[in-house]
Amino acid sequence: MSSPFHSRVAGALVDDNLHIALNRVTSRFTTLRLNALASLPHADSVRDRARAIRAHTLSRLDIYLAQFADSVEAAGGRVHWAADAHAANRIVAEIAKAARARTVVKGKSMVSEETHLNPALEAEGITVVESDLGEYIIQLAGETPSHIIAPAVHKTKEQVGQLFHEKLGIPLTHDPALLTAAARAKLREVFLTADMGISGVNFGVAETGTICIVTNEGNGRLTTSTPRVHVAMMGIERLVPTLDDLSAMLQVLARSATGQKLSVYTSLITGPRRRRPSKQSEGGPGEPDGPDELHVVLVDNGRSRVLGTRLAEILYCIRCGACLNICPVYQQIGGHAYGSVYPGPVGAVLTPALEGVEPWPELPQASTLCGACRDVCPVRIDIPRMLLELRDAGHRAGQTPAWLKLFLPLYQLAATQPALFNFGAAAARWITRALSSNGWLKRLPPPLSGWTDHRDFPAFAAQPFSAQFKNHHKGAKTQRNTKDSS
Amino acid sequence: MPPTTVQLFATCLIETLRPSAGMAVVRVLEGLGLTVEYPDGQTCCGQPAFNGGAWEDARAMARHTLDVLSRSPAPIVIPSGSCADMIVHHYPELFADDPKYGPLARDIASRTYEFSQFIVEVMGVSDLGARFAGKIVYHPSCHLLRGLGVDDAPRKLLARVNGLEVADLPGAHECCGFGGLFAVKMSDISGAMLDRKLQNVESAGAQTVVGCDVSCLLHIGGGLRRRGAKVETKHIAELLASDERGAMNDE
Ligand code: SF4
């Protein structure tokens, strides 16, 4: 039981700061989400519509991708196809080289975390600065995101104060407003000097080639409009067919993520800066700002392999993070313990879906299948069902622990042969009753010691239910017979 | 027309660890005038194997259970949200393409009910004339609440128990951390989740935790016992059978 996963979990479970930080944020997000959905008339049917849009898009993804790519190019952007993480990073590095970019400012992008873009660019001598406050914090700390929308959720404001004090040389403070101001001052310099901006994409709109980016800090807008070159990285699944569909998705995204009706900034970007008016009739001098170049990097990295499989539903995900916030396992261990770029319930499915079950034996097991994630998901993804699918795949790949491999067929045999079942139960009854005191056992041998590490185990009952029922039945019959004869 | 006969699938945990809950179920059902059949040969629904990823083993156990339950046309009552969810939702999935067991699984699923759900939704009864003096909290187990979508039924039944005070359980909808083999395989996470549940139980100041799943109750009960807490656990049927009219026929 001492795999790297289990040691990360053990560390997380005793990390008091982690629990303070997680409690503060997850409970707040969860409550805000409930209120925000309550304020949405017909929330259930909006969610159904959002799910239907995702399902429809993915069922015709090839068509919508082609349409999206054409629309982006028609608007003056360039489209790049990246089959895997390596290709994606190489494409971005080449765009940077061609633009002679030395400093790159980045908005929040989980797909760039997935491809490990930052180290790849830094290896090319490019300086990368994260502009999302949470990302900036973890970049300073040399860490990775532990939540898909709140990357530094694992840090308390006290820890952030200490970090800024050490790294930025500001006086020690825990005041979020002062800390934000310090980060803002540093980041403004970067925005003005950066040669290239890299952003993620919340949704791409196939009919118009528009990319939609939602943020709460305005960093997204600066990243995508101030530098000369804007590179938008997106997973190939993150499309919606029309602007109308986009508005349906936006109705549930922020509500599910942060409990806002809409994020503070919702940017729709169609093409780079137009030097001349796009239509003759518009006249005027063209657009006053925006990048000279817009590059959209479409990242596959395993997604097309998931399409059409029993895990395809995970591609409906709109990365709202609601399933992380509600998950009782995530609340206990935080994001880093999962060890994957995408943590929590969505990560426990998406990671093995993209990378295979072999490297991730524990992720599908790290769940009680309580179903809270399925309940909150704005597009109603049945995460527990897919965790079960992955457990099936893991079992077939030989990942089941040896003791369980031995036990399961025996249990199956007993459960299909009632006589054997009764015999096994009688043996367990005899053993547990002999070893128990007052009906409970304090210690069981490994592997069952896992149970008794945290709770007592009940001794088997003196008389099984089936026997009690038969006696009761006999009693009832005798009674009836007596009544009949009287 | 409400049925006159039911089949009881008692579950392996009630069979071996908590028969008293099963007997309480029988008393409540008979109190409603129902004939309770106990199909012989029943063992375990196979959920531990299914959740463990051993789907071939789970199928073998499910086939056995389907054979056992299909001998009678009567509806099936299960005093466990989790096992009922297994039969109602996962059996049809496991046999989706099976020409013999597919139709059988769908038939059995369509007439399987969790105990409290059966009483309220099928029998249309919520007042069983039960009497129980004390302050309890109700723990809605995950597969009952989110799997079967049953929440009102047990609460209605509890609301009609004379003398009963149902206290609010903070974080009631959160999982207790049981999760079957999860409690053994991921024992430390499970223990941390259990701690949170127990803190909430203790803060509610109740003497008894009531639920519809013996599995979660054994988990919570084992944790309470480890803490030395003076709080006990009861299956909802044990409460509903207290002082309940039908019980008199049995004396
Ligand atoms: S799986 Fe659903 S709840 Fe989780 S992040 Fe994706 S959209 Fe949100």
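Bear in mind the structure is a predicted one, so any value in this text is a computation, not a measurement. Here is the naming used below: chain letters follow the sequence lines, and residue numbers restart at 1 for every chain.
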Can we say [X] and [Y] salt-bridge, meaning some charged N sits less than 4.0 Å from an Asp/Glu carboxylate O?
X        : Y        : answer
A:Glu313 : A:Arg385 : yes
B:Asp40  : A:Lys470 : yes
B:Arg59  : B:Asp98  : no

Name the member of [options] that forms the most heavy-atom pairs with chain A at distances under 4.5 Å.
options                               : value
B:Cys175, B:Gly52, B:Cys176, B:Gly222 : B:Gly222
B:Ala183, B:Gly53, B:Gly147, B:Ala58  : B:Gly53
B:Gly179, B:Ala54, B:Gly223           : B:Ala54
B:Arg63, B:Glu174, B:Glu56, B:His219  : B:His219

Exercise. Scan side-chain atoms only and decide if A:Gln331 and B:Arg196 contain a donor-acceptor pair under the 3.5 Å cut-off.
Key: yes

Quiz prompt | Polar side chain donor-acceptor pair, B:Thr5 to B:Glu37, under 3.5 angstrom | solution =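 Checked: B:Thr5/B:Glu37 side chains show no N/O donor-acceptor pair below 3.5 Å.
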
Quiz item: What residues of residues 411-419 of chain A sit under 4.5 Å from chain B when you count only heavy atoms?
Solution: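 From residues 411-419 of chain A, the residues near chain B are A:Tyr411, A:Gln412, A:Ala414, A:Ala415, A:Thr416, A:Pro418.
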
Mind ranking [options] by heavy-atom pairs under 4.5 Å with chain B and telling me who comes out on top?
options                      : answer
A:Glu362, A:Glu389, A:Lys405 : A:Glu389
A:Gly394, A:Ala12, A:Cys370  : A:Cys370
A:Thr400, A:Leu390, A:Leu404 : A:Leu404

Quiz item: Below 6.0 angstrom between ring centroids: does that apply to A:Trp440 and A:Phe457?
Solution: no

Self-check item: Cation over ring face, A:Arg455 and A:Trp451, 6.0 Å, 45°
Solution: yes

Exercise. Could you label the plane-to-plane angle of the B:Tyr101 and B:Phe95 rings as parallel, tilted or perpendicular, counting under 30° as parallel and over 60° as perpendicular?
Key: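 Because their plane-to-plane angle lies in the 30° to 60° range, the rings of B:Tyr101 and B:Phe95 count as tilted.
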
Quiz item: By a 4.5 Å heavy-atom criterion (distance strictly below it), what part of A:Arg374 contacts chain B: side chain, backbone, both, or neither?
Solution: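 Side chain of A:Arg374 only, per the 4.5 Å heavy-atom cut-off to chain B.
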
